[in-house]
Number of protein chains: 2
Amino acid sequence: MRDLKQFYFFENLDDEQLALLSSFSNKKHYEKGSILFYEKDEAKSLILLIEGVLKVYKTDQKNNEIIMHRFMPVSLVAEMAVLEGISYPASAAFESAGVVIEIDFERFKKEFLHNPQMALLFFKSLSKKIKYLEDVIALNIVLDSTARLAKYIFDKEDALNSLKQYQVAEHLHMTPETLSRTFKKLVILELLEKDSNGYKIKNKEGLRVLFE
Amino acid sequence: MRDLKQFYFFENLDDEQLALLSSFSNKKHYEKGSILFYEKDEAKSLILLIEGVLKVYKTDQKNNEIIMHRFMPVSLVAEMAVLEGISYPASAAFESAGVVIEIDFERFKKEFLHNPQMALLFFKSLSKKIKYLEDVIALNIVLDSTARLAKYIFDKEDALNSLKQYQVAEHLHMTPETLSRTFKKLVILELLEKDSNGYKIKNKEGLRVLFE
DNA sequence: CTGACGTCTTGATATAAATCACAACTACTT
DNA sequence: AAGTAGTTGTGATTTATATCAAGACGTCAG
């Protein structure tokens, strides 16, 4: 099940382990509006959201929904409840059609957590994710758009022209207009050059000083 | 050792477990400029940076330092190398005076990772940290400063006046001036009121609409 | 080739927040 | 009580980026 592999948590598992994991995992499709779980339900599966938008909400005395969380793919949903062995603290419903994988937690614990080797793997995955998120924060909150682009180019030199510019813009949290102007700026600074099939690095160390 | 407790990774440990952990942990003080470890050293301890600024760097052929990472407290440093059981891929030196705790990894593995109960605890810590970072990203990239402050106040109603304003400003990634003006704005909107000992929420649901 | 659509570029303008400068508080210290 | 350092508030200005509007370029269908 490559669906599992796409989630950072499982990226370090080998094929055999993934097969084992698949054996007690269940892929389910849900329609828009359908309920994934209710508050107070016993939390006995890890839930991996693969497609769709899932809201986690409570209803108050007056039957108003209070949305606690809105999940986008690919996310691990409500793992806290599962890890703590308690029941779900809120309900969850799909705001669009969706697909989830449910992983039986008892089996998961038995097969994986009792294996220190495996526990280590999961730590690595989680630790990597944390580093990644810290990078995202550093990249987006601390740096201005020129520095963000410079870092982006620096980090993925080869993949430079593999995305449309508006996709790069989205990734870097700026508008396509700003991206366009920023590219131009880097060309003027002679850090990049533009040819028929896109931009190319001209002075890599020069790029570095922009974000360090 | 409450030093350990302040790191998210260990926050779920009870006193007994912390004591055990302390028994094979070592607090060390370093002067500015001193070396924490060299590239190629065997990575046999988890290193928790408690105070100071630590740079992780490589030196190239021409003896130029290339800074790979700069760590601020409280961070787990180079845990990848330790988890993988390899040697450090770069050197680390203090850019200011600093304090670290070194945790013997063999003992750590033996005492903690072999205990599935404990592995679960660490997963919880990491998972919580991931959620926190995701929140930081959502908070800071998507929302403007008014919305950020509204959410901040909404989320920690009680702790509202426990920090200096300039600390809150730093936390929300804005300048104290902007924070001051934003507070004022929320008072004018009648969402907050100001009395002798700080700001108080006047209309909680009103705050919510600003960030949802 | 010609239009038509998607993408990128460019310019003009608007806006949020940072910066600069300093005034007003607040809380200590002696 | 007066003086000083630390904190917060206010106004004026500047800056980065978004937004709005329009033109240029590329490519694919007919």
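So that the names make sense, note that chain A is the first sequence line, chain B the second, and so on, each numbered from 1.
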Check your understanding: With under 30° as parallel and over 60° as perpendicular, where do the rings of B:Phe183 and B:Tyr199 fit, or are they tilted in between?
Key -> parallel
Review point. Do the rings of B:Tyr30 and B:Phe94 sit parallel, tilted or perpendicular, given the 30° and 60° boundaries?
Key: parallel
Check your understanding: Does B:Lys27 pair with B:Glu51 as a salt bridge, N-O distance under 4.0 Å?
Key -> no
Exercise for review: May I ask you to decide whether A:Glu11 forms a salt bridge with A:Lys129, counting only side-chain N to carboxylate O separations under 4.0 Å?
Suggested key: no
Looking only at the side chain of [X] (C-beta and beyond, no hydrogens), which of the listed nucleotides [options] gets closest?
{"X": "B:Arg181", "options": "D:dA12, D:dT17, C:dG11", "answer": "D:dA12"}
{"X": "B:Lys164", "options": "D:dT7, D:dT17, C:dT10", "answer": "D:dT7"}
{"X": "B:Gln165", "options": "C:dT19, C:dT7, D:dT8", "answer": "D:dT8"}
{"X": "A:Tyr199", "options": "D:dT8, D:dA18, C:dT9", "answer": "C:dT9"}
{"X": "B:Glu177", "options": "D:dT7, C:dA17, C:dA21", "answer": "C:dA21"}
{"X": "A:Met174", "options": "D:dT7, D:dA18, C:dA16", "answer": "D:dA18"}
{"X": "A:Thr178", "options": "D:dT8, D:dT10, D:dT17", "answer": "D:dT17"}

**Study point:** The single option from A:Leu36, A:Leu76, A:Val77 passing side-chain contact (heavy atoms from CB on, under 4.5 Å) against A:Leu49
**Key:** A:Val77
Review point. Is any side-chain nitrogen or oxygen of A:Lys194 closer than 4.0 Å to OP1 or OP2 of D:dC25?
Key: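 No.
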Exercise for review: Look at the side-chain N and O atoms of A:Lys184 and state whether any lies under 4.0 Å from the OP1 or OP2 oxygen of C:dT10.
Suggested key: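 For A:Lys184, the contact criterion (side-chain N or O under 4.0 Å from OP1 or OP2 of C:dT10) is met.
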Tell me: [atom1] of [X] to [atom2] of [N], nearest whole Å?
{"X": "A:Leu179", "N": "D:dA16", "atom1": "CG", "atom2": "C1'", "value": "15 Å"}
{"X": "B:Gln167", "N": "D:dT8", "atom1": "CD", "atom2": "P", "value": "8 Å"}
{"X": "A:Phe183", "N": "C:dC8", "atom1": "CZ", "atom2": "P", "value": "10 Å"}
{"X": "B:Glu170", "N": "C:dA17", "atom1": "CD", "atom2": "P", "value": "18 Å"}
{"X": "B:Leu149", "N": "C:dA16", "atom1": "CG", "atom2": "C1'", "value": "15 Å"}
{"X": "B:Leu192", "N": "D:dG9", "atom1": "CG", "atom2": "P", "value": "12 Å"}
{"X": "B:Tyr166", "N": "D:dG6", "atom1": "OH", "atom2": "C1'", "value": "8 Å"}
{"X": "B:Asp195", "N": "C:dT26", "atom1": "CG", "atom2": "C1'", "value": "16 Å"}

Exercise for review: Could you check whether B:Lys185 gets within reach of a base, just the sugar-phosphate, or nothing at all, counting any heavy atom under 4.0 Å?
Suggested key: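 Nothing, no heavy atom under 4.0 Å.
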Review point. How would you label the contact of A:Thr175 with the nucleic acid (heavy atoms, under 4.0 Å): base, sugar-phosphate, or nothing?
Key: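 Base contact.
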